[in-house]
Amino acid sequence: MGRSYTLADLENWEAKISEKVQEFQLDCYPQEFEICDHVQMLSMMTYHGMPSHYPHWSFGKSFERTKTLYDYGVQGIPYEMVINSDPCIAGLMRDNSLCLQILTMAHVYGHNDFFKNNFTFSHTEADRVVARFKSHADRIRDYVEDPSIGQEGVENILDAAHALSFQCRRNQAIKRRDHEAQLELAIQSREEEKKEITEPELHRFPLEPDENILLFIRDNNPRLAEWEKDLLTIVHEEALYFQPQMETKIINEGWACYWHREIMNSLDLPSDIHMEFLVRHNQVVRPIPGDINPYNIGLTLWDRIEEKLLGEARNYNDDPQEPDIREKLFEIREVDRDTSFIRRFMDRETMEKLDLFEAAPEREDWVIKRVSDEDNWKPVRDLLVESVGLGAIPDIAVTDCDGDGARTLKLRHHFEGRELEATYAEKTLEHVYRLWGRKVMLETTLNESSTLYSYDDEGLSVTPDVINAIYPSF
Amino acid sequence: MGAIFRPYSPSDSLQSDRTSGDRQRHREKLREVLKENIADVISEQSIIGREAGHIVKVPIRGIKEYRFVYGQNNPRVAQGNGDSEPGQKVGKTQQQGKPEDGEAGNMPGEDYYETDVTLEELVEIMFEDLELPDLESKPLRAIEAEYTHKRSGTKRVGIRAHLDKKKTAKSRIKRRFAHQRIAQAQAEKVETPEKPEDEEEGRFPFSQRDFRYHRHKPDIRYESNAVVMCIMDTSGSMNVMKKYLARSFFFLLYQFVRLKYRTTELVFIAHDTRAKEVSEDDFFHKGESGGTMISSGYQKALDIIQDRFHPSLWNIYAFHCSDGDNFQEDVPKTIGLAKELCNCCNLFGYGEIKPTGGVSWGTPMLKHFDELEAENFTTLGITSKSDVWPKFKAFLSRDRERSSDVEMGFHVER
């Protein structure tokens, strides 16, 4: 398809869209669109849309991968590339048709509104993020150029830090108590529970498990150099910035789809563009059998919420949206993330409509275990809640670092039914060891018995819990 | 509100390929991986006998970025077409990733990269840290290792490309000064009141006499001269597999020598009961048949050495590959000639190709060679494709393998 439009066309359509955005009372950051070709788009994706980003070979790998998939036609390039920043920056691929550009712009405004208003993004300091990433990049380039550190040195730390980057606190809104407060609480609870013999182990550090593994290592490994600590901070800060996007994949995409449909339907599009829009829209929001399409699930849920509030399904083409219902929707987009969104609004009918099921591997096949029927829709929903958002990341926390002794770092995997991938766990533990410099241990559950990995200068050793292995619990 | 549009500028995309640095680094890392697994690549890839410039496709396992992740064998939620029933099969698990590997591919995203490597690159990676052992400097005749030119002074005639512009300009200035002096002197002598040359003095063109050209002197670095003699048994008992292994070995040796010692000479000798010197192409590609008289090959090598590569002038490396099924009567003569070869070679190697499960005629030469105690004699046994690379490295580091080691090897491997 040729580019049968000019920049002026885009600006015209954008003016119409932003008029609608205001009419619908979406609350957005100023918007910027960058027109780019497919290679620029691929590099944008590689660096998560950031105009400047520190260098690391893994981005080269990721670029090659996406480019290969794109070149062989396995995977197209997503229409949208938008980052959570103030002003909000989005890429428009110039090879796309005019319809796709209009659709993308409308969709981007949906994300923009979500970034600005959803609570999970409140800590991301969107107005300074571009400058922050630039400063990270400058610092890391300086370390690479510093002859006493060099590329190898920086990579060693970054490789290890990347392995742990998303092992951080799951709810940024809850404040973590400092050590004194923890100690106070522990002593208090000991006094309250005098009758029981469970003594809190006051010598442990940290008293309460710490999920921020990178920061814990940074603050408690005295042998790290300043530049090493800085690298850990950079990687951690970046992970914190991206964490909300992982947490709100479904609700955010659903929101953007809901609004692009709303905007497109209100735009009075020429019929050929409208037809193309319907086709594209359905391509984006159709279910992907055997997988989860966040666009599909998100939009279906938002529609369901509206339907319930309204008492009936709305004809999105003709009927305008009710302003008070819009208010309700705005409230939800402010306070929910994927887990709570699904738990609160996914009912049995929606589950059935989406045909969600639970599958488990049986030898070589995935076999459906439960479908969303009367008896099973709740457990299936709960499994979905567990796996979305940060549920994809195992919950691992530092439980002790034996500050007075041999400084063994102890990690515990909070096991809720899903096992860790063993090889990956072992290799990642090696990374933890590289950062911590002393013995590290990981407690987890494998094959239904508790397992202790430890890694020290002699390498890896694994101890299945002997007592459990001999006397399995009944 | 109105958004800001940044229009597309093609120059941006040409100039700032921001991923190039990271891609470069990633490629370097892949190359390291390739280097670590080079032995597998060599034995698996049919690179043997390929021409230079041939592009080899090498699969390398991608560099993984490890994290704590959940295993693939956990139950998960997915969408269906609308008519899902319990018990339905929905897709395959990834348990059997790469069947030829013992390792199951049940980890997330097992990446394989197929890298295009030219044969030269591959060879370069292989031989990066290897060198010919015991290279002595033989003073009487050196090989020109590098032939370049060095500037040395100027001359008055030459070709335009060698023009030394600075010197040329200087000599013109000199000539002009001289000219002015002469003109002045003449003017004083003749004492003409007016100076008609004034206008002419404004222009003073280059003359043929001003031109200076760079003089070039050949610049030759000398390197000790070396010859590598490849002797291969091409008798009937050397079946396709054995010949393949022998050729693999020689191919490595040949590539190695070609890469590291540009001017090193190579001699190829093929023998059955009689030996002849053959071309490189014939050596790697032609089959022969007949009985085996190893001595013939050694005799030919000695003749060639006598003839063309006197040991006082040349570093000589000889290597012989055979299945060791020599005629019994030929053995004493062979040992004698081998000793002679040892005397005139820097290193003489014997590789016995014994694929496991083969039928053996006569006595393996490897046993007989055990009695040969020369310092610069090396024997090794090759039993399979995967042997070739380690054994080759051992040859260059001169780890001698006795017949007993090789026998042990057979047992271990079966």
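The chains referred to below are lettered A, B, ... by the order of the sequence lines, with proteins before strands, and numbering in each begins at 1. Scope of the values below: all heavy atoms of this structure, side chains included, with no hydrogens, waters or symmetry mates.
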## Note on the structure
Bottom line for B:Q24: the part with an atom under 4.5 Å from chain A's heavy atoms is neither
### Query
Is chain B contacted by the side chain of A:S43, its backbone, both, or neither, given a heavy-atom distance below 4.5 Å?
both
### Query
Are B:E28 and A:K61 within salt-bridge range, i.e. N to O under 4.0 Å?
no
### Non-hydrogen side-chain atoms of A:L7 and B:Y8 separated by less than 4.5 Å
no
### Message
Show, in sequence, the C-alpha distance, side-chain angles and deciding distance for A:E152 and B:R25, and conclude whether the salt bridge (Lys or Arg N to Asp or Glu O under 4.0 Å) test is met.
### Response
CA-CA 11 Å; A:E152 293 268 321; B:R25 182 72 191 133; 3.6 Å; yes
### Task
May I ask you to decide whether A:E34 forms a salt bridge with B:R6, counting only side-chain N to carboxylate O separations under 4.0 Å?
yes
### Query
Which region of A:I393, side chain (C-beta onward) or backbone (N, CA, C, O), has a non-hydrogen atom less than 4.5 Å from a non-hydrogen atom of chain B, or is it both or neither?
backbone
## Note on the structure
Whatever's closer than 4.5 Å to a heavy atom in chain B on A:A15 counts as neither
### Query
Looking at A:P87, A:A359, A:A360, which has the largest count of heavy-atom pairs under 4.5 Å with chain B?
A:A359
### Message
Heavy-atom cut-off 4.5 Å, strictly under: side chain, backbone, both or neither for A:L10 against chain B?
### Response
both
### Message
So for A:A160, is it side chain, backbone, both, or neither that comes closer than 4.5 Å to the heavy atoms of chain B?
### Response
neither
### Task
Under 4.5 Å heavy-atom distance to chain B, tell me which part of A:F63 shows up: side chain, backbone, both or neither.
side chain
### Message
Taking side chain as everything from C-beta outward and backbone as N, CA, C, O, which of these in A:P379 sits under 4.5 Å from a heavy atom of chain B? Side chain, backbone, both or neither.
### Response
neither
### Query
In chain order, what residues pass the salt bridge (Lys or Arg N to Asp or Glu O under 4.0 Å) check against A:E352, with sequence neighbours excluded?
A:R348
#### Entry: Interchain contact, A:N293 with chain B, by part (heavy-atom threshold 4.5 Å)
both
### Message
Within the 4.5 Å heavy-atom criterion, are A:T350 and A:W377 side-chain neighbours or not?
### Response
no
### Task
Kindly say whether A:D37 contributes a backbone atom to a donor-acceptor pair with the side chain of A:Q40 at under 3.5 angstrom?
yes
### Toward chain B, the part of A:E430 with a non-hydrogen atom under 4.5 Å
neither
### Query
Which bit of A:N296 is near chain B, if near means a heavy-atom gap under 4.5 Å: side chain, backbone, both or neither?
side chain
## Note on the structure
Counting heavy-atom pairs under 4.5 angstrom with chain B, the leader among A:G417, A:S387, A:P287 is A:P287
### Task
Look only at the side chain of A:T66 and the backbone of A:S62, and say whether a donor-acceptor pair between them is shorter than 3.5 Å.
yes
## Note on the structure
Most contact-rich option vs chain B, by heavy-atom pairs under 4.5 angstrom, among A:V367, A:L442, A:V380, is A:V367
#### Entry: For B:Y66, all residues meeting side chain to side chain donor-acceptor pair (under 3.5 Å), sequence neighbours excluded
none
### Query
When heavy-atom pairs shorter than 4.5 Å are enumerated against chain A, which of B:R76, B:E65, B:R27, B:E85 gives the highest number?
B:R76
### Query
Less than 4.5 Å apart, any side-chain heavy atom of A:W366 and any of A:P361?
yes
### Summary
Most heavy-atom pairs under 4.5 Å with chain B, out of A:E386, A:E426, A:H431, A:Q151, belong to A:Q151
### Task
Would you mind reporting whether A:M351 and A:M346 have side-chain heavy atoms less than 4.5 Å apart?
yes
### Message
For chain B, which candidate among A:K353, A:E155, A:Q167 shows the most heavy-atom pairs at distances under 4.5 Å?
### Response
A:E155
### Message
Is A:H413 close to chain B through its backbone or its side chain, or both, or neither, when contacts mean heavy atoms under 4.5 Å?
### Response
side chain
### Task
Let me know if B:K89 has heavy atoms under 4.5 Å from chain A in its side chain, its backbone, both or neither.
both
### Query
Is the A:F59 to A:Y47 ring centre distance short of 6.0 Å?
yes
### Query
Between A:K369 and A:E362, is the closest basic N to carboxylate O distance under 4.0 Å?
yes
### Message
Less than 4.5 Å to any heavy atom of chain B: does that hold for the side chain of A:H56, its backbone, both, or neither?
### Response
backbone
### Query
What part of A:F166 gets closer than 4.5 Å to chain B, counting heavy atoms only: side chain, backbone, both or neither?
both
### Task
Among B:N81, B:I4, B:D83, single out the residue with the greatest number of heavy-atom pairs under 4.5 Å to chain A.
B:I4
### Query
Heavy-atom distance under 4.5 Å to chain B: side chain of A:D382, backbone, both or neither?
neither
### Short side-chain to backbone donor-acceptor contact, A:D9 and A:T6, under 3.5 Å
yes
